[in-house]
Structures are given as structure tokens and as C-alpha cells.
Amino acid sequence: MSSHTRFLDGLNPPQRAAVECTEGPVLVLAGAGSGKTRVITRRIAHIIGSGLADPQNLLAVTFTNKAAAEMRERVADLTGAASAREITISTFHAFCLQVLRRHISHLGYRSNFTISSEGDSHTLLRRVTDELGVQGESFDARTFQAAISLAKNTGETPDTLRDKPARNATEEKYQQHMTDVYAKYESALRAANSLDFDDLLTFTLRLWAEHPGLLAAAQKQYRYVMVDEYQDTNAVQYRLLRALVGKCRNLCVVGDDDQSIYGWRGADVRNILEFERDFPDAKVITLDQNYRSTETILAAANGVIRNNSARREKKLWSSLGKGRPIDHFVVGDEEDEAREAVNWLIQIRQKTGVSLEDFAILYRSNLQSRPFELALRQAGVPYQVYGGQDFFERAEVKDIISYLKVIANPRDETAFLRVVNVPRRGIGDVTLHLAHEICRTEGKSLGMAMAAVLERSMAPKNTEYGIRRFLGVIQRYRKRFRDLDAPLDVIARDLVRDIDYLDELQRTSRTPVQYEARAQNVEAVINALATYAAGTNHPRLHAFLDATHLNSDAGTESRQDMKRDGVSLMTIHSAKGLEFPFVFIVGMEDGSLPHERSITEGALDEERRLFYVALTRGKRHVTLFEALSRTRHGRERMCKTSRFLAEIPPELIVCQVRAAREMVEERVAPPKPKPKPKRRPPRKTL
DNA sequence: AGACCCAGGTTTTTT
DNA sequence: ACCTGGGTCT
């Protein structure tokens, strides 16, 4: 018996089958908490350990960088770090980026293309809609951005879109605008030698379609392909996979249709539901033993999810015992809800002695977090709110990144326009229009056009001076970043100094506190460069920019914010993949969960899955909170119980209405005594 | 360029 | 109720 059979130790029968079944198409239906990651990592180790393939012949695709990093770590525990390093474990986007950096010249782009962030694309789309004169009529850049992204992810091009039949005049008009904007946006990106997130996928698909030799090479290399969270794949990702495994067909997809909650972003749950249609000989393995939750929680979750029609039948079970029933609080309004939740949390802690990190408060939308933050602060309970403002979308961070992007890719117009006059150099609209004209007529990049403006003495003296300074800085640093005459972060720090950026911040900040915060963000970008440079043998500006665009938390304060600290507050969406001993699901009303808009749009199945995901985050105990009234859009409105609540078998729920009545009476009676803050607010709230 | 005002909208967000 | 974005005025 060879030593690699140890990779089968301790697996239950279906898990073991999933690991051992290495050849041909395999669909693993992995229910929540059923040991999915364990199966994938063991399977990888098994394939390598049994000599079926070398590490570089394996491709494992995940949806987040975090998942990829975790998977690599866990594989390394099994196979050793040297092997694990050779395996391609990455997100769809990172994988495609890698392909495109090498081969994009075949599509007429330069390999130093930059990635257009969502913010960049938004700016660009504003310009496009302006130039086409289609804003106004209830079409704005945001709408187009979402529509274009959806189109790209479902494989629509401006041409296919144009050919679609419209049902009425409004639709036709919209379609007309949409195709125009889409086409113009595409050509603007092309001119800027930029790709947006979605392009990373579609371009790779095109590359493979137009250059079969490249596809064949990829097929030859990746003989075993695994995909995590398969229920979240969209049409383009599906086509990429099909192309890649065309020959070997060793495709193993792992996912749970019941946890498909990203349909609104183009994820197509049919990919998992109809897997055997495309791979008739597929082996289907269901993992339904749950190692996370109590039987009560699973019974509740099962009771809810069975109301969805199009799904793979499966019933999670566990042997962890019944545990405590689900508690259901009915409270007055959102403030009562928050207060009651905090009381309840404190009570549970007194009884069980568990730590704050064991609690999560889950809500449907970010707006709902506010009252909980207030109540927790008031009670002196440390907490952490996840999600929200993206570090890389802050103005000062975008400024610095844009400088770096112009340096890395001379044609990146969005970045160029953002920083050409920051800090003020007297380069205004007039000059830029001049330059734009030269771009158009002579096919030059904006930078070259500006140089032409200088040569032809088309601008006033002080503007000329400004242009000279700007182009000089860019040129100097383009050379420095290429030659790497110093560490990346040192060069960047010089750049920030040379453009007097901190003075600019000082000028534009309203308060010293704000200035301090913004200067620190700039410092954080430089630190991120240093961190990046320290972790690689061949630091390159381009690779750093790629990482910042693909990895949303690459630049934030190291890994410190990864570890939980205090009670966790987050949306249900961001809780997917996590688990907590105690879960509070709040806002259990029609309008919140299911969300109002989903009700009108008839997207109830996905909302139900959302509730299912929320429930199955809980390990020991789940508490539901429902408010009788809630302030929505500024008005106080009465709420009806969430329709999903009735789907939980009633014997599993203990209703805590008394608490609510007391709350209401208290509110009606004399002015309530302001609860004094017992301790000073927690240091780290973020 | 910066301050001010009004209108509109208002989920979720792995990359 | 609140925030954003765009437009206008100084």
C-alpha cells in the first residue's frame, strides 16, 4: 500500500469517493459545512501522490483570493510547500490575467495593459455617455455599467445585443443606447490599452477561440481541473472551463446550488443544475453530512430550502445533537432590535462564557448595520463591521495608483486625465481638448499629444510649464520603475515627494484630522508596495498594480484585519463560507428579507437561498429578530413577518414576544432614562 | 476652484 | 432621512 492512501484517512464514504474519482467529469454537491475544502485539497494531494500528474498539471479555480490562499496553504500541509507552489491555484480572473499578460499581443493589445477598476470604468462611462448625449433620459453611467458587466458575463457583445429583438419602443430605444454606449466604451478601453474585470475573462475566451494553438497548449498543461463554488460561475466562466477541459475532460466541480446567491451578478445556477446535460457521463456525488451545525439548525434550514423548486434534492444531517431551539424575538423597531440583540448577546455570554468572536450579526443590507453599531458601542462591546468602503476607491489612493498606472501604461487615458492636473499645474479643459484633438487626428497617446502641444507652442506660458513638469515626472519615473534603481516603495515615496502631493492634500483637506487620515492612506499605498516587493524575487510595478486590482485587500494594513476582533457585523452575502457558534439574523420582515425589490422582481428563490445561507452559518444557536415597524426611505412603516419564517417547522422556534411588549410599553410610558455608556467606546471599531 | 443647492435614488458585490 | 452627483453661482 503506497503512502498516498493517507489522503483518504478520516473521510466519510462520499467524501472518499469524491477524492478517488479522479478521471472524467465529476460533480460534487457539497452542502453547507460538509467538508468541501477538505475534499478538494485531499483530491489534489491524492492526484499528485498517486503519480497521476505532476503539480503543474493541476488547476484549481476559486472565486476569491482568500479562498485560493487558504487552499494553497492546506494543500501545502498535505503535499509539502514545494509541490503546492507548482500547482496553479487561483481565481478565474487571476488565471486569465496570467494568460493574457503572456499572449494578449495576439489580440492587438500591448502586454503592459492596465486593469480598469470599477471606479475607472465608471469615470470612463460618464465620459462616453456625455459624448453620446444619452445621459439624462433616466439612463446614467451606473445603469450602463451594470448592464455592460452583465452583458459581458453572459457572453453578449454589442453586435449580439443589437440583433436582439425588442418588445416595444422603450426597449428598442434603450437597446439602441445600450449598444452605442457599450461599443464606445469598448473602443475607449482599447485605445487606453485597458481591460476591465470582465474583459479578463472574455478576452481569454476570445484568445483561445482565435488561436487554437494557445488553447491546445493550455489543455496539454492542465490535465486536471477543479472548480470551487461552482454554483457561482457565469456563462463566460463556464465556456472557459469547457474549452479548457475539451480533451481530457477531467473536470471536477464542487458547489451547492442551494447557496447560489450571486445570480444578480450573472452567476448562472443552471451550470450546476444541468451539469450532466453537458457531461452525460458525469459522476455525481452528494455530500450531505454536515459537521458544523446542530440538528435543529439544519432542520430549520432544510424546512426553508425545500420550498425552492429548481434544485438538487439533498437533506443535510448531522450528528451533533439537537442543541437549543431557534429563538425568535419580535421587537418594536430597528433601535429596539439592536438593543434587544445586544442584551441577548450579553445574556448568552454570561451563561456560556463564550467569546465575542463567536457572535455574528447578519443583515440583508449594509444600511441595517447602523443601529447595531450604536447599541454595541453604547454597551461597550467591541465589534467589527465588514464590507463597505473600498480602500482603493478613496480619492487619494486612486490618485497615487493612477500615477503608477500612467507610468506603467502610457495609453491609460482615465488614469492620465485623473492626475494630469493633480496637483494643480494650470492644465485645464482647453489644453486637454487641444490634446484630445491631436490624439484623434494623429493617433497619438495623450502624453505624446501633450508633448506636441508644447512643441507647437499652443498653450500659454504657465500651462507649458505645467505640462513640462508633468511629462518630466512621468518620464523620469517610468525610467526609474523600469530600471529599479531603488526598491519600489522608495521610488514611489520619491514620486509622492516630487509632485508635492502631501501639500496638495493639506490644501484640499478640511480638517487636520482628515489630512492625517488621507496622508496615512497614501503611506499605506507605499507600504503595500514595500510588502509586495518583500514577498517576491522579481518585483515589478505592473505585477503590483495587478495585485491591487485583483486583490481588494492587498493594500490594507497587512493581514491584521483578517483576524476577527469582537462581534462580527456583516451582510449575509459576505458571510458565505464563514461560520459562527452564535448567529443573529436580523430584519426578518418582508421587505428586508426577502428584499422589497426581489419581491417585485420575483427573485424569491435567491432570497430564500440567502436565508438558507444565513441559517447554515450557525454552529450552536441561531436567533431571529423581527421588528414591527422600521424606518424605510425616511418614513416609519409597519412591517409584516418575513414569509420565510413560516417555513421553519414551528416546533423548532421559541418566540420571545414578551420582551417586545415590554419594549413597547417602555416607549409609550415616561421618557426613558438614557442608558449611560458604561465604559468608554472600544478602541477599534473601524 | 470651491461652495451651495436641488433632485433622485435607495440590495447584495467574490473580481 | 440621507447621501451622491450634477449644475450653477461667486
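These numbers come from a predicted model, not from an experiment. First the proteins, then the strands, lettered A, B, ... as listed; each starts at 1.
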Exercise for the section: Examine dT10(B): is either OP1 or OP2 under 4.0 Å from a nitrogen or oxygen in the side chain of Arg597(A)? Give yes or no. Expected result: yes
Practice task
Let me know which of Asp605(A), Asp257(A), Asp258(A) forms a side-chain hydrogen bond (donor to acceptor under 3.5 Å, both in side chains) with Arg311(A).
Solution key: Asp258(A)
Handout entry: Distance, rounded to the nearest Å, where Leu200(A) contributes CG and dT14(B) contributes C1'
Key = 14 Å
Fill in the blank from the handout: Taking dT15(B), dT10(B), dT12(B) as options, the one with an atom nearest any side-chain atom of Ser365(A) is dT12(B)
Practice task
Kindly say if Asn366(A) contacts the phosphate of dT11(B), meaning a side-chain N or O under 4.0 Å from OP1 or OP2.
Solution key: no
Completion exercise
Rounded to whole Å, the NZ-C1' distance (Lys576(A) to dT12(B)) equals 12 Å
Exercise for the section: Would you please confirm or rule out a distance under 4.0 Å between OP1 or OP2 of dG2(B) and any side-chain N or O of Arg424(A)? Expected result: yes
Handout entry: Residue met sooner reading DNA chain B from 5', once Ser598(A) and Glu229(A) are mapped to nucleotides
Key = Ser598(A)
Fill in the blank from the handout: Rounded to whole Å, the CD-P distance (Gln368(A) to dA1(C)) equals 19 Å
Practice task
To the nearest Å, give me how far apart CZ (Phe197(A)) and P (dT15(B)) are.
Solution key: 8 Å
Problem - Under 4.0 angstrom between Ser574(A) side-chain N/O and dT12(B) OP1 or OP2 - result: no
Handout entry: Pi stacking test for His573(A) and dT12(B): under 5.5 Å apart, planes under 30°
Key = no
Problem - Pairwise side-chain contact, Phe372(A) with Val567(A), heavy-atom cut-off 4.5 Å (strictly under) - result: no
Exercise for the section: Taking side chain to side chain donor-acceptor pair (under 3.5 Å) as the test, write out the residues that go with Asn462(A), two or more places apart. Expected result: none
Completion exercise
Looking only at dT15(B), dT11(B), dT14(B), the nucleotide nearest the Leu550(A) side chain is dT15(B)
Fill in the blank from the handout: note: Glu601(A), atom CD; dT12(B), atom C1'; distance rounded to Å ~ 12 Å
Practice task
Report the relative orientation of the aromatic rings in Phe416(A) and Phe470(A); use parallel for angles under 30°, tilted for 30 to 60°, perpendicular for over 60°.
Solution key: perpendicular
Exercise for the section: Can you tell me the distance, in whole Å, between the CD1 atom of Ile427(A) and the P atom of dA1(B)? Expected result: 11 Å
Fill in the blank from the handout: Quick note, Phe63(A) side chain, CB onward, closest among dT12(B), dT14(B), dT13(B) is dT14(B)
Practice task
Check every strand shown and say whether Glu118(A) touches a base, only sugar-phosphate, or nothing at a heavy-atom separation below 4.0 Å.
Solution key: base
Practice task
Answer yes or no: does a side-chain N or O of Arg370(A) lie under 4.0 Å from OP1 or OP2 of dC2(C)?
Solution key: no
Exercise for the section: Would you mind classifying the nucleic acid contact of Arg126(A) as base, sugar-phosphate or nothing, using non-hydrogen atoms under 4.0 angstrom? Expected result: sugar-phosphate
Practice task
Considering just the side-chain nitrogens and oxygens of Thr571(A), establish if one lies under 4.0 Å of OP1 or OP2 belonging to dT13(B).
Solution key: yes
Fill in the blank from the handout: Arg637(A) atom CZ is separated from dA1(C) atom P, nearest whole Å, by 15 Å
Handout entry: Touch class at under 4.0 angstrom, heavy-atom based, for Phe92(A) against every strand present
Key = nothing
Practice task
Take atom P in dT11(B) and the same atom in dT4(C), then report the distance between them in whole Å.
Solution key: 13 Å
Practice task
Can you tell me, in whole Å, how much space there is between the P of dT14(B) and that of dC3(C)?
Solution key: 22 Å
Exercise for the section: Please examine the side chains of Phe92(A) and Asn234(A), heavy atoms only from C-beta on, and report whether any two atoms are closer than 4.5 Å. Expected result: no
Handout entry: Of Glu596(A), Glu334(A), Glu337(A), the residue whose pairing with Arg630(A) passes salt bridge (charged side-chain N to carboxylate O under 4.0 Å, His left out)
Key = Glu337(A)
Practice task
Measure the distance from CG on Leu367(A) to P on dT11(B) and round it to the nearest whole Å.
Solution key: 6 Å
